[in-house]
J.: 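Take this structure first; my questions come after.
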Amino acid sequence: MAEDELSLTFAALADPTRRAILARLAGGEATVNELAAPFEMTGQAVSKHLKVLERAGLISRSRTAQYRPCRLEPAPLDAATDWITRYRRIWTDRLDGLERHLQTLRADRPVDPDHDGQDDR
């Protein structure tokens, strides 16, 4: 089964190490060694994380002689943000509708003059 771009993006973002790498790359390009420095893992382990990020299109790597910097590619993040925003709007609209409905129910409820509105527990 072929994986769609959004699934690859969310799968890549699921790991805190990969999120930290992306946060570092948001400040500018870096080499594998520079990206590996803050982590207690081998360069090979960091390279595996970079391959996941690269497969998802979240980073790119160029080659200049021995220097192979990684850079952030924001387009997949923009697509994920758009997807999240669309569903946030849907749920916000639904929750706003529920709030209006609850206010209507409260307004239609008869008031008990002997009850002060506090929970009787």
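Values reported hereafter were calculated over all heavy atoms of this structure, with side chains retained and with hydrogens, waters and symmetry mates removed. Just so it is clear, the model here is predicted, and its values are computed rather than measured.
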J.: Which heavy atom of Gly43 sits nearest to which heavy atom of Val32, and what is that distance?
T.: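 Looking at all heavy atoms of both residues, the closest pair is O-CG1, 4.3 Å.
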
J.: State the CG-CG distance between Leu102 and Leu98, to the nearest 0.5 angstrom.
T.: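 The CG atom of Leu102 sits 4.5 Å away from the CG atom of Leu98.
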
J.: With rounding to the nearest 0.5 Å, note down the distance linking NE2 in His49 to CD in Gln44.
T.: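 Answer rounded to 0.5 Å: 11.5 Å.
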
J.: Is it the case that atom CD in Gln103 sees more than 12 heavy atoms from other parts of the structure closer than 6.0 Å?
T.: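 More than 12 within 6.0 Å, yes.
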
J.: What are the two closest non-hydrogen atoms of Ala30 and Leu25, and how far apart are they?
T.: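 Looks like N-CD2, 3.8 Å.
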
J.: Treating Ile, Leu, Val, Met, Phe, Trp and Tyr as nodes and any side-chain heavy-atom pair under 4.5 angstrom as an edge, say whether Leu22 and Phe39 lie in one connected cluster.
T.: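 As far as the 4.5 Å side-chain criterion goes, Phe39 and Leu22 are connected within one cluster.
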
J.: Could you give the distance from CG (Asp4) to OG1 (Thr9), rounded to the nearest 0.5 Å?
T.: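 So the gap between those two atoms works out to 8.5 Å.
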
J.: Ignoring hydrogens and angles, write down the donor-acceptor pairs under 3.5 Å from the side chains of residues 73-91, residues two or more places apart or on other chains.
T.:
from, atom 1, to, atom 2, distance (Å)
Glu73, OE2, Ser60, OG, 2.5
Thr81, OG1, Leu77, O, 2.9
Thr85, OG1, Thr81, O, 2.8

J.: Enter the distance from Arg61:CZ to Thr31:OG1 here, rounded to the nearest 0.5 Å.
T.: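 So the CZ of Arg61 and the OG1 of Thr31 are separated by 11.0 Å.
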
J.: Give the minimum heavy-atom separation between Ile59 and Leu50, together with the two atoms involved.
T.: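 Closest heavy-atom pair between Ile59 and Leu50: CD1-O, 3.5 Å.
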
J.: Which pairs with one or both residues in residues 26-51 pass salt bridge (charged side-chain N to carboxylate O under 4.0 Å, His left out), sequence neighbours excluded?
T.: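 Qualifying pairs, neighbours excluded: Glu29-Arg71.
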
J.: Are Val52 and Val46 connected into the same hydrophobic cluster when the rule is that any two of I, L, V, M, F, W, Y join if their side-chain heavy atoms are below 4.5 Å apart?
T.: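 No, Val46 and Val52 fall in different hydrophobic clusters.
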
J.: Give me the atom names and distance for the closest heavy-atom approach of Leu58 to Ala12.
T.: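 Leu58 and Ala12 have their closest heavy atoms at CD1-CB, 3.7 Å.
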
J.: For Leu13, does its backbone N or O pair with a side-chain atom of Arg18 as donor and acceptor, under 3.5 Å?
T.: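 Side chain of Arg18 to backbone of Leu13, a donor-acceptor pair under 3.5 Å: no, none is there.
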
J.: Main chain of Leu35, side chain of Arg24: is a donor-acceptor contact present, judged purely on distance under 3.5 Å?
T.: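 The answer is no, because no donor-acceptor pair under 3.5 Å joins these two groups.
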
J.: Any chance you could measure Thr92, atom OG1, to Glu99, atom CD, to the nearest 0.5 Å?
T.: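 The CD atom of Glu99 is 13.0 Å from OG1 of Thr92, to the nearest 0.5 Å.
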
